[in-house]
Each structure stands twice: as C-alpha cells, then as structure tokens.
Amino acid sequence: MWSEQRKIGSGFGARSTAREVLAGIDLTGRTALVTGGYSGLGLEITRALSGAGARVLVPARRTGAAREALRGVDRVEVDELELADLESVRRFGERVAGSGRAVDLVIANAGIMACPETRVGPGWEAHLAVNHLGHFALVNLLRPALAPGARVVAVASSGHFLSGMRWDDVHFRNGYDRWLAYAQSKTANALFAVHLDALGERSGVRAFAVHPGSILTPLQRHVPREDQIAQGWMNEDGEPAPGFKTPAQGAATAVWAATSPLLAGRGGLYCQDCDVAEPATTDDMLVGGVKPWAVDAGDAARLWALSSGMTGVDAFS
C-alpha cells in the first residue's frame, strides 16, 4: 500500500466539513453504522450522514445518553454495544445480521485515549481491546449483513507515529505507558483496514483508515486540562491551538472515505484531510501523513491472525 499513498486531488481539504463533503451525494435508502456516533466526531458523522438521507445505526455503551444526544436527528436508531465486552459485541452483531437489513457503510469511530491502565475481558489492555479488537470482532460478525460495495472506515490517528505493533507485548504486561498503548491501537486500526480490504475486495467490501486531524472532543477526557495546555493543544482560555480542527471538520475525512466516488475501486489506504495521505516525512503529528508500519501488508496479515485468535472470529479469510 505504500506506493499508493499519494493524494488524488479530491477538491477538499483540512477545513472542509462533513456536510460539505456530502454535498450532492444522496444516501437515501442506504444504512450506515457509526460506533460512538453520539459524541464528538461520531455525532458530527451521524448528523452528516443522516442529513444526506442515510439511515444511521448507532451502537452505544450508554444508550440513554446516545438517544438524548441524537434527539432531533432523523433516521437514527440506537442499540446497545460495549466494545470492551466480546459477548456484547457478539449479541449486537448477531442482532444486526439476523435482522435482514443490509449495511452499506461502517465507520469504526468509537475509542479511548490515554486511559489509566485498565484490563478488560481476559486481561486485555483496554486501548487495544476497545479501539481495535472490539471493532475487529464487530466487522467480522457483521459480514453477513454487509451489502455489495460496502465500505468500512477505521478511525485511526497520527498518534500511530509513536508506536508500531509491540508484537512481544501487545497487552503491556511488562510495563504500561498510556500514550504508547493508545498509539499501538491506532496503528492497529490502520493495519486492520489494510488487511480487511485485501480480504474483502473479492466480495466488493473495501476498507480505509483515516486520521481525522487534531480536534478537542470528549476523547481527551483522561488528559487533565493542565496537560493539554502544557502540550500546546489549547491556551489558558481553553481555545484550541492553531492547526486544530472543529468537530465538523474532523468528521469530514471519515465521511469522505465512506462515500467519495473518487475512491471507487480503491481500498486499504490511509486518508487525512479528505484525501489519500502522503507518506510522513517528519514526526510532526499536526502535519500528519502515514508511517510505513501502519500500512505494511505483512504486519496487517499478522495482526489479523493475532486478532482472530484472540476474538475467535474470522468471517473474511
């Protein structure tokens, strides 16, 4: 995939919004599924897809909060899902697959960042479990419901700059670092898209990973305000730093990857600023781009096998 990481001239950019990206695109009759689609970027994604005519299924850990946040948004359905709990993922996936509905778009948006050390399930590190393994299992369980031509978009991050896959200790059993745990999970999101696309292409399922940009949302809830100021994310008045996006702008690349006609026949790519991302030439996460370890086909296949063994699902191989 490295050689294909080149801009294609989408006509959009870093300041484009999700609604602007969808101008002229009619999603009437199509069903989208957006994890975390009731908060932060996910809420903007849901609003934009609904505004273009899609029916949007929003699986949520907090269904009451989701329904309240989505009040007034048309064609939205909320259902229960806890990504950290494989049984919850299985029940949700089976409900959707058993409903007879076809799912055209999946945006794996929900996630956690910089959490204190947390173990879930059989002792899995929480970032890898929620951000990657839960979505891996979900998409595999949704396989019977995915429509021909379906697109799956994994929301990654330039946070992947900080770490590739730690193959010798993916669950941080020998020393925990919250930023490296987050970074590894974002690399995993990107690699998931690479191999899902390789496996799904023959049946018309294509996959992409996206970096939404730097945005202040509830994702930063585990990062104290003073730390956000010290890192230059905001000033003393709480105003975002130059180069940060609004949530509506941050949602745009995921929506673009899910719907753009320019991506027909393409897949497995890492995108940012509503275009295919270029290889990263610096370590500046605001500049972005993609590091080679996040699009390596061999590592993507290795991660798929590891994830399948952990979750017990593999509907594409």
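Of the charged side-chain nitrogens involved, at least one lies within less than 4.0 Å of a carboxylate oxygen, so that Asp283 and Lys291 count as a salt-bridged pair. The residues Arg119 and Glu117 are annotated as salt-bridged, a charged nitrogen and a carboxylate oxygen being separated by less than 4.0 angstrom. Using a cut-off of 4.0 Å between Lys/Arg side-chain N and Asp/Glu carboxylate O, Glu77 and Arg101 are scored as salt-bridged. By the 4.0 Å N-to-carboxylate-O rule, Asp169 lies close enough to Arg166 to be salt-bridged with it.
Connection of Trp256 to Leu49 is established within a shared hydrophobic cluster, with ILVMFWY side chains joined at heavy-atom distances below 4.5 Å, either directly or through further cluster members. Leu306 and Leu133 fall within the same hydrophobic cluster, where Ile, Leu, Val, Met, Phe, Trp and Tyr residues are linked whenever their side-chain heavy atoms come under 4.5 Å apart, directly or through other members. Taken together through direct or relayed side-chain contacts under 4.5 Å among Ile, Leu, Val, Met, Phe, Trp and Tyr, Leu57 and Val103 form part of one hydrophobic cluster.
Here the straight-line distance linking atom CG of Leu269 with atom CG of Asp197 works out to 7.5 Å at 0.5 Å rounding.
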Candidate pair Thr35 and His135, rule side-chain hydrogen bond (donor to acceptor under 3.5 Å, both in side chains), full reasoning: CA-CA 9 Å; Thr35 65; His135 283 119; 2.8 Å; yes
Working note: His127 + Phe172, criterion ring pair (Phe, Tyr, Trp, His ring centres under 6.0 Å); need CA distance, chi angles, decisive distance, verdict. CA-CA 10 Å; His127 289 89; Phe172 287 81; 8.4 Å; no
Might you work through the side-chain hydrogen bond (donor to acceptor under 3.5 Å, both in side chains) test for Thr28 and Asp26, ending with a clear yes or no? CA-CA 6 Å; Thr28 302; Asp26 184 3; 2.5 Å; yes
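Between the side chain of Glu125 and the backbone N or O of Val170 there is no donor-acceptor pair closer than 3.5 Å. Between the side chain of Ser163 and the main chain of Ala183, no donor-acceptor pair closer than 3.5 Å is present. The backbone N or O of Ala126 lies less than 3.5 Å from no partner atom in the side chain of Thr118, so there is not a single donor-acceptor pair. A side-chain donor-acceptor contact under 3.5 Å links Gln249 to the backbone of Thr246. Remark: side-chain polar atoms of Asp85 are paired, donor with acceptor, to backbone N or O of Glu87 under 3.5 angstrom. A side-chain donor-acceptor contact under 3.5 Å links Gln5 to the backbone of Ala277. Although no hydrogens or angles enter the test, the distance criterion places no donor-acceptor pair under 3.5 Å between the side chain of Asn131 and the main chain of Lys186. Side-chain atoms of Thr253 come within 3.5 Å of backbone N or O of Cys274 as a donor-acceptor pair.
Of all non-hydrogen atoms in Ser16 and Ala252, the two that sit nearest each other are O-CB, 3.4 Å.
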Result block: side-chain N/O donor-acceptor pairs under 3.5 angstrom for residues 136-155, not counting sequence neighbours:
{"from": "Asn140", "atom 1": "OD1", "to": "Ala315", "atom 2": "N", "distance (Å)": "2.7"}
{"from": "Asn140", "atom 1": "ND2", "to": "Phe136", "atom 2": "O", "distance (Å)": "2.8"}
{"from": "Arg143", "atom 1": "NH2", "to": "Ser203", "atom 2": "OG", "distance (Å)": "3.0"}
{"from": "Arg151", "atom 1": "NH1", "to": "Ala257", "atom 2": "O", "distance (Å)": "3.0"}
{"from": "Arg151", "atom 1": "NH1", "to": "Ser260", "atom 2": "O", "distance (Å)": "3.0"}
{"from": "Arg151", "atom 1": "NH2", "to": "Ser260", "atom 2": "O", "distance (Å)": "2.8"}

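No more than 12 heavy atoms of other residues, nucleotides or ligands shown are found within 6.0 angstrom of CZ on Arg62.
Partners of Glu201 according to the side-chain contact (heavy atoms from CB on, under 4.5 Å) rule, which considers only residues two or more places apart in sequence or in another chain, are Arg206. Every residue meeting the side-chain contact (heavy atoms from CB on, under 4.5 Å) condition with Glu94, not counting sequence neighbours, appears here in chain and number order: Arg90.
Aromatic pair Tyr270/His160: centroids less than 6.0 angstrom apart.
The only member of His195, Arg302, His132 that meets side chain to side chain donor-acceptor pair (under 3.5 Å) when paired with Ser307 is His132.
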